[in-house]
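The figures here come from the full heavy-atom set of this structure, side chains too, leaving out hydrogens, waters and symmetry mates. Keep in mind that what you see is a predicted model, and the values were worked out from it rather than measured. Order of appearance sets the numbers: ligands from 1, and atoms from 1 within every ligand.
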Amino acid sequence: MKNQISITKITESKAKTIDFNNIPLGTTFTDHMFICDYNNGLWENPRIEPLALIPTHPAAMALHYGQAIFEGMKATVDAEGNPMLFRANKNAARLNASADRMGMPNFPEDLFLEGLKKLVDLERNWIPPIDGSALYLRPFMYADEPFIGMRAATHFKFIIMASPAGPFFSKRIKLWAEKQYIRAANGGTGEAKAAGNYAAAIRPTELAKAKGYDQVLWLDAVEHKYIQEVGTMNIFFKIDGEFITPKRDGSILDGITRMSVMDVLKDKGYKVIERAITIDEIKEASKKGILEEAFGTGTAVGIAYIQEIGVDNDTIYVSDSSPVGLEVNNTLNNIKTGKVEDKFGWMIKVKNHII
Ligand SMILES: Cc1ncc(COP(=O)(O)O)c(C=O)c1O
């Protein structure tokens with residue numbers, strides 16, 4: 001298939017009507033979407049069109065069997081107002097890793113990036129011109145074939161939509177270490193960004209919130225002892241001067257913020273170790289007074305500091321005396337807005353694509 005993306009523009013953008021100082025979370029969408037269909041083994045008809053409802057057959061397989069995956073990343077602007085994407089090539093690769101696990105077709109990575117750049121270029125007036133704000137991009141793929149029966153679908157849609165997001169300042173969060181429900185088991189879909197993973201997390205998260213916590217700290221499926229990740233973030237601890245984060249074992253998401261935070265920490269001279277981490281050793285470190293930092297990492301918030309972790313009838317308290325995570329967050333934000341040199345080569349410039 002040729003990467004010829006056709007573009008149908010709306011007549012008047014709604015961007016002018018948006019108060020970028022007051023953007024409601026997740027309910028404002030830009031004027032257009034990128035869309036592409038998969039039929040009989042081929043991706044075809046890549047196009048950008050006005051955002052609209054998508055007619056869906058009630059037997060569409062994603063609605064019944066959950067063949068649905070997604071991605072999330074942000075576009076920001078540099079000092080001159082030029083849009084840029086943060087490591088979007090990693091999202092393109094991760095989407096295909098999720099597709100492999102879920103029995104879905106790969107989406108060509110060059111077309112993913114081209115569609116993304118063209119959409120961001122067209123929607124550049126939707127990137128909030130406010131520090132810390134960004135245009136959130138949501139690529140996703142789902143089975144739209146009408147079929148009742150269990151097999152891989154043969155018709156899919158790949159769509160990218162965009163939603164402006166205000167600055168996200170996370171307060172220090174409280175976690176509940178969950179021992180009844182699990183997010184992912186060995187051999188399951190934990191490493192995929194599959195819609196079903198999120199569906200299964202909703203109820204335990206509601207229960208944790210009802211107990212006064214902000215997010216669930218997920219533990220391993222067998223012993224409920226090894227830490228996996230938190231809500232929609234990966235997790236880091238600083239113990240006695242050293243950073244540790246759970247090793248990837250197929251059950252946690254390969255977070256793009258996680259990999260970037262590791263690189264920035266190492267660049268700042270810190271030791272970062274990926275290994276299995278138990279909830280008991282975190283409790284022990286807290287008791288000894290050497291649990292210096294704990295934070296979650298993800299596209300939505302960057303870094304979210306953890307204040308305490310509820311586990312059984314106990315509470316693990318985290319010191320707030322060592323804000324290395326904040327320093328890392330600032331470095332990442334400065335790279336994303338072109339304020340410091342992008343020495344890692346992470347930013348992808350969105351040049352003028354639309355004539
Ligand atoms: C389950 C889960 N873990 C971790 C992350 C963090 O990943 P990233 O840094 O790529 O946003 C996310 C967000 O995408 C997530 O949904």
Side-chain angles (χ1 to χ4, degrees), residues 25-26 68-76 85-99 101-102 112 116 134-141 160-161 163 165 168 170 173 175 178 181-185 188-205 208 214-221 226-237 245-265 272 274 277 294-306 325 328-329 331-333 335-336 344 346-348:
L25 199 64
I69 54 175
F70 66 98
E71 271 303 323
M73 76 276 263
K74 284 176 173 172
T76 44
L85 292 159
F86 181 72
R87 309 190 79 175
N89 51 321
K90 295 282 178 194
N91 295 91
R94 191 170 66 184
L95 179 94
N96 284 338
S98 299
R101 175 63 184 85
M102 303 304 289
F112 180 108
L116 201 58
L135 184 62
Y136 182 78
L137 297 153
R138 167 54 62 84
F140 62 107
M141 189 200 295
I160 308 174
M161 54 193 291
S163 169
F168 202 105
S170 174
I173 54 174
L175 308 183
E178 179 57 57
Y181 299 104
I182 59 145
R183 175 184 175 275
T189 59
E191 202 172 40
K193 217 163 155 51
N197 289 346
Y198 297 82
I202 288 173
R203 177 78 178 137
T205 307
D214 299 297
Q215 286 291 342
V216 171
L217 177 64
W218 297 107
L219 302 176
D220 75 278
Y226 295 100
I227 292 172
Q228 292 182 331
E229 52 188 317
V230 42
T232 56
M233 292 184 283
N234 296 106
I235 192 163
F236 285 75
F237 299 95
T245 188
K247 190 178 155 78
R248 285 177 54 210
D249 63 353
S251 62
I252 67 169
L253 196 77
D254 187 9
I256 293 158
T257 319
R258 173 185 182 272
M259 59 179 94
S260 310
V261 164
M262 285 200 286
D263 285 345
V264 172
L265 280 173
V272 190
E274 295 171 79
I277 303 170
F295 52 81
T297 64
T299 296
V301 288
I303 281 175
Y305 262 95
I306 295 159
V328 174
N329 207 19
T331 302
L332 286 176
N333 286 337
I335 292 173
K336 289 177 192 172
F344 301 99
W346 286 338
M347 301 312 294
I348 299 173

Item to check | Shortest protein contact, atom 16 (O) of ligand 1 (heavy atom only) | outcome: Tyr198 OH, 2.5 Å

Checklist entry - Any heavy atom of Arg94 sitting closer than 4.0 Å to ligand 1? => result yes

Checklist entry - Among all residues two or more places apart in sequence or in another chain, which pass the side chain to side chain donor-acceptor pair (under 3.5 Å) test with Arg248? => result Glu191, Asp254

Item to check | Met347 side chain reached by Thr76 side chain, heavy atoms, under 4.5 Å | outcome: yes

Item to check | Under 3.5 Å: donor-acceptor pair, side chain of Thr297, backbone of Ile303 | outcome: no

Next on the checklist: Quick check on contacts: which atoms of ligand 1 are under 4.0 angstrom from a heavy atom of Gly255?
Outcome noted: 7 (O), 8 (P), 9 (O), 10 (O)

Checklist entry - If you look only at pairs with a residue in residues 192-202, which of them pass as a salt bridge (charged side-chain N to carboxylate O under 4.0 Å, His left out), with sequence neighbours excluded? => result none

Next on the checklist: Tell me the contacting part of Asn197 for ligand 1: side chain, backbone, both, or neither, using a 4.0 Å heavy-atom threshold, strictly below.
Outcome noted: neither

Item to check | Those atoms of ligand 1 less than 4.0 Å from some heavy atom in Asn234 | outcome: 4 (C), 6 (C)

Checklist entry - Measuring from the heavy atoms of Met259, does anything fall under 4.0 Å of ligand 1? => result no

Checklist entry - Short N/O distance, under 3.5 Å, between Leu253 and ligand 1? => result no

Next on the checklist: Below the 3.5 angstrom mark, is there an N/O of Thr297, backbone or side chain, next to an N/O of ligand 1?
Outcome noted: no

Checklist outcome for this item: atom 4 (C) of ligand 1: closest protein heavy atom, distance to 0.1 Å, is Glu229 OE1, 3.3 Å

Checklist entry - Which protein non-hydrogen atom lies closest to atom 11 (O) of ligand 1, naming both residue and atom, and how far is it? => result Thr299 OG1, 2.6 Å

Next on the checklist: Could you check whether any side-chain heavy atom of Met262 comes within less than 4.5 Å of a side-chain heavy atom of Phe236, counting everything from C-beta outward?
Outcome noted: yes

Checklist entry - Among all protein non-hydrogen atoms, which one is nearest to atom 12 (C) of ligand 1, and what is the separation to 0.1 Å? => result Thr232 O, 3.0 Å

Next on the checklist: In this structure, does ligand 1 have an atom that sits under 4.0 Å from one of the heavy atoms of Lys193?
Outcome noted: yes

Item to check | Minimum-distance protein heavy atom relative to atom 9 (O) of ligand 1 | outcome: Thr257 OG1, 2.5 Å

Checklist outcome for this item: Exactly one candidate in Arg258, Arg183, Gln215 meets side chain to side chain contact (heavy atoms under 4.5 Å, CB included) with Glu229; the answer is Arg183

Checklist entry - How far apart are the C-alpha atoms of Thr257 and Met233, what are their side-chain angles, what is the distance that settles it, and do they pass the side chain to side chain contact (heavy atoms under 4.5 Å, CB included) test? => result CA-CA 9 Å; Thr257 319; Met233 292 184 283; over 6 Å; no

Item to check | Per-residue contact class, Arg183 against ligand 1 - non-hydrogen pairs under 4.0 Å | outcome: side chain

Checklist entry - Is there a donor-acceptor pair under 3.5 Å between the side chain of Tyr305 and the backbone N or O of Gly325? => result yes

Next on the checklist: Test your reading of the model: is there a side-chain donor-acceptor pair from Asn329 to the backbone of Gly302, 3.5 Å cut-off?
Outcome noted: no

